[in-house]
Amino acid sequence: MLKDARQENIDFSFMKLRSYLRENPKTQHAEEIRLGLAEYYFRIRDYNDAINELTRYISDYHSGKNVIFAYILLYKIILEYKDEPQLLEKLKEKFFSKSLFLIFSDSKTRHYKSVLNNTYKIVEHIDRTEVFFNNELFFKAVP
Amino acid sequence: MSFSLKPFLKRAGKIALALFLAAFILQVGISVILSISKERIVKQAAQITGYRIALGRASFSFLRGLNLKRLAVFYEGRQEPPIFVNNAFVSVRIFPLLFGKIALHADISSVVLLMKKETEGYNVQIILSDIPKRLNLPDYPHFKLPINTVTARIKSAKIIYADDPNLRQNLEILHKNIRIIFYKSGKLVFNSSIKFRYIIPEETNLSKLLASGTVEQGLKCSLQGTFINEKDLNIDMLLLSLSDDQIIGTGLIKDFTERNPHLNIDFVHSMIFLKNIAFLRNNFKAEGTSFISLKLIGPFDDIKTEMSAQLNECAFSYKPSEKEILDFKNVNGKFEFKDKEAKFDVSLLNPGGLPLNIKLKTALGDDPDIYLTVYLSRDFFSRRNIPLDKLEIDFEGKVKDIVRGRLKARALYVKKGLKFDLGADFKNIEFNYRAPPGEKYFLAKEIELFKKDAFLSQKLIINNLNSRVITVKENLAAEDIVLSAYNGIVGGRLNFNLKDKPHLTASLSGRGLDINKIMQDTNITNKLLSGKLDIKISFDSHSAALLNGRCFVKEGVADLDALAATVDLPSLKNTAFDIMGTYFMFTKDLIKVRGIKLYSRDIMLNAFWDIDDKIKGAVNLKIASLLLKQSPSFRKLLSLADFKKPYVDFKFRVGGISRAARLMWIKGEFKEKLEAGLAQWVKRSIQANLNEAIEGVAAKN
């Protein structure tokens, strides 16, 4: 199902995924799908729905390993389209919440490919964190 | 026949002369009889009244009536008479007689009343209540005269309290121009001018505190009352006048005619100018107004005074020593006096213009306990953007020439939503505040400093603080501070300026302090196990760098197991070192450790970083190769890198935030050799294992 969704047109993928989730709410892919739905809203610039979806996702999967990507999308929306500096600062802390010990490299990288075929790359340096979305610099955060 | 007046007048003149001569002879005769019978009269009077009486002289004149000179009434077997009348004329007014009324009048030059407490009340009151009762007994019907009014005019009456030798010698209550009128209908009128004078004994503390050694006050008293039940006196009005100010009261004196009457007098809320109270004017240059209410309640021999006053825009000036004047302005608040205890709750501007709130509680007496609280309002801080929620100083002790007691200071500091409870507790303090400015000192036997927040509790214990104190206007300085703490000695100085925005500067340096005990109390770290601490700090509340300091721990032992665990070394729990030092700086937002150094035989550390939310710094670590070789992993790595030097250099950059630091190993000789010798997959594996280890530690925490 997810494989099909990745290959389809983004709008059709969205409809399929949403319908699938509705019929199978307890599916093991629910976490991935929900992040994908939020991502769709972001891509079509429906930022209010994106924020709602991301907020629900973060609340339900706050200790999940992919929740950082939800924070990334939320951060980007607030950064570009909302004027809320205090919220932005709070979100930024999420990108520096884990300790790091770099021995042989000057950064640590993490990848993620979403259900809608978008790629995320988080590069953590000693003094900053860079986020790439589909290989383009999404934003740079400095503590 | 013509009518002539001359014989009539001649006859009238002769009759008048005869009458005058008769009156004169009668007057002289009565006087002589009185003189001759004086002893018998006195004896008779004693028998009737039940009290021993002495009389200097008695005479009579038609004009002024019965004259008694030096009349004394004694109480039981006492030597000194409680009542002494110097010169009295007792007469019956002629004019009322024409209307069939008897008006008795007494004209007295001076009276002295020697008040002494007996079992049933004051001696004078006992006598004055007993005599009329005895005169009313059936045995003495001739005293039951239908008297309509009794008036007395007393030029002066002196009241002396004889129980306390100090009061007897130094207290004088003088009534002048007393007028008393008692009507048959039961009405009583009393008027007098009162002068109250108390000479404060030189040896007392109060005399040293006040500019004037005498407390004097004049006032006028006017009372109108009505007897009810022939025993109780209902006070319809009691008016006390201090210059233009008046205090009006009403009440009841129960059992007025008994041995120990009970007073219950309430004075209504009245406004008075403080300058009309001589004690306040002469000693404190008091100005402003006060609304006073006063209550007198209790038996005559133990009257309790309750007073409350609302101070309104008052000002006071006090001279603790010849060269100093303290002016307090805009004094508003409350004063209460009850059960021999005085309480103040006021706000004022201190000599430096700082708005203070003061609560003070003390008791009457020469050496009372004093409880004092001084605090700044929350409003004061918020208006000046000072991050404090509270600043309060409490004192409990005694104030003579030297202040002795316990002093506590407490502040609530707010930073980014967190509240820090800061305090200092000075026990057994001594401060000779009355000494000239250059001779003051401050001692404290024990001081506890503490800082608490939701996560951490820290304290420091200091002993035997001694310093010189210099006060100049709104500036307070402590010089030559010496104290002992944690087996070491600390010295320094401090300056506190109270004008406008309070400014505190301080510098302290200490040597040989026991680091282990300090760490136990301050909870900074439990990794410093022993050593002698030398420290130097400076503080400036107006500077961006609030606190600057450096400290060195010499010949110590540290627990470096955390480092050992990180690099997989055997335990370094008790690592001896020659010296460990750190430079640090506190700003309002930033804790900046400019450097930390550790020198031991096997480990040398030199690190520096800034900490607030963001960390930025560097760590240089040098570890002996021999020590590293005790770790199997490092033994392999050293062999692989073919590293033969006695010490391995590790240089790190530090970043991230305080809750999650980031370290990066910077290139050095060892790292370069290692990178050259290790395969990529090995390097990735080492990094992955380390990441896992860090994730594991983070998850645990």
Side-chain angles (χ1 to χ4, degrees), chain A residues 31 58 60-72 74-76 78-79 84-113 120-132 137-143, chain B residues 416-417 563 565-567 609-619 633 637 650-668 670-701:
Chain A
E31 195 181 327
I58 289 166
D60 292 343
Y61 302 108
H62 55 87
S63 53
K65 60 178 180 155
N66 293 327
V67 72
I68 188 69
F69 300 104
Y71 279 121
I72 284 171
L74 198 55
Y75 183 86
K76 182 68 176 178
I78 307 292
L79 181 68
E84 290 191 44
Q86 278 188 339
L87 178 58
L88 211 59
E89 282 302 309
K90 272 197 138 169
L91 286 170
K92 203 200 297 186
E93 285 177 16
K94 301 295 176 190
F95 308 131
F96 298 93
S97 61
K98 288 187 180 167
S99 296
L100 194 60
F101 195 164
L102 301 166
I103 303 179
F104 295 112
S105 66
D106 60 0
S107 64
K108 179 185 160 193
T109 304
R110 190 175 160 189
H111 299 269
Y112 174 71
K113 194 168 185 178
Y120 295 81
K121 185 167 82 172
I122 305 175
V123 183
E124 290 176 291
H125 297 266
I126 188 77
D127 55 355
R128 67 192 186 278
T129 296
E130 289 169 338
V131 177
F132 295 85
L137 182 66
F138 212 23
F139 60 81
K140 187 163 74 177
V142 177
Chain B
K416 295 187 182 177
L563 174 65
T566 309
V567 296
W609 59 84
D610 295 344
I611 294 180
D612 187 20
D613 282 335
K614 198 156 73 175
I615 305 178
K616 191 177 174 184
V619 176
S633 330
L637 290 172
F650 297 92
K651 283 189 170 67
F652 301 94
R653 256 184 76 185
V654 185
I657 59 174
S658 56
R659 289 182 299 285
R662 294 181 174 188
L663 261 79
M664 186 170 86
W665 190 9
I666 301 171
K667 271 189 168 57
F670 177 63
K671 187 184 176 184
E672 275 180 15
K673 286 188 172 179
L674 209 58
E675 276 185 309
L678 285 176
Q680 279 297 108
W681 70 268
V682 174
K683 286 187 238 177
R684 281 201 295 272
S685 170
I686 293 172
Q687 184 68 68
N689 286 339
L690 191 56
N691 290 344
E692 219 177 282
I694 289 169
E695 300 259 341
V697 168
K700 257 190 224 172
N701 292 336

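All chains are named by letter (A, B, ...) in the order of the sequence lines, taking the proteins before the strands, and each is independently numbered beginning at 1. Atom set for the values below is all heavy atoms of this structure, side chains included, hydrogens, waters and symmetry mates excluded.
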B:L678 versus chain A, the contacting section by heavy-atom distance below 4.5 Å: side chain

Taking the basic N atoms (NZ, or NE/NH1/NH2) and the acidic carboxylate oxygens, is any pair closer than 4.0 Å for A:D127 and B:R662? no

Please say which of B:F650, B:F652, B:W665 ends up in a ring pair (Phe, Tyr, Trp, His ring centres under 6.0 Å) with A:F101. B:F652

Does A:K76 have more than 12 heavy atoms from other residues, nucleotides or ligands lying within 6.0 Å of its NZ? yes

Counting neighbours of NZ on B:K671 that are heavy atoms of other residues, nucleotides or ligands and sit closer than 6.0 Å, is the number greater than 12? yes

Backbone N/O of A:I103 and side chain of B:Q687: donor-acceptor pair under 3.5 Å: yes

Can you measure from CD1 (B:I657) to NZ (A:K98) and round to the nearest 0.5 angstrom? 12.5 Å

Rounded to the nearest 0.5 angstrom, the CZ-NZ distance for A:F104 and B:K667 is 10.5 Å

Work out which heavy atom in A:P143 is nearest to a heavy atom in B:G656; give both atom names and the distance. CG-O, 4.1 Å

Pairwise distance CG(A:L102) to CD1(B:I666) - rounded to 0.5 angstrom: 11.0 Å

Does A:V142 offer a backbone N or O that forms a donor-acceptor pair with the side chain of B:K614 under 3.5 Å? no

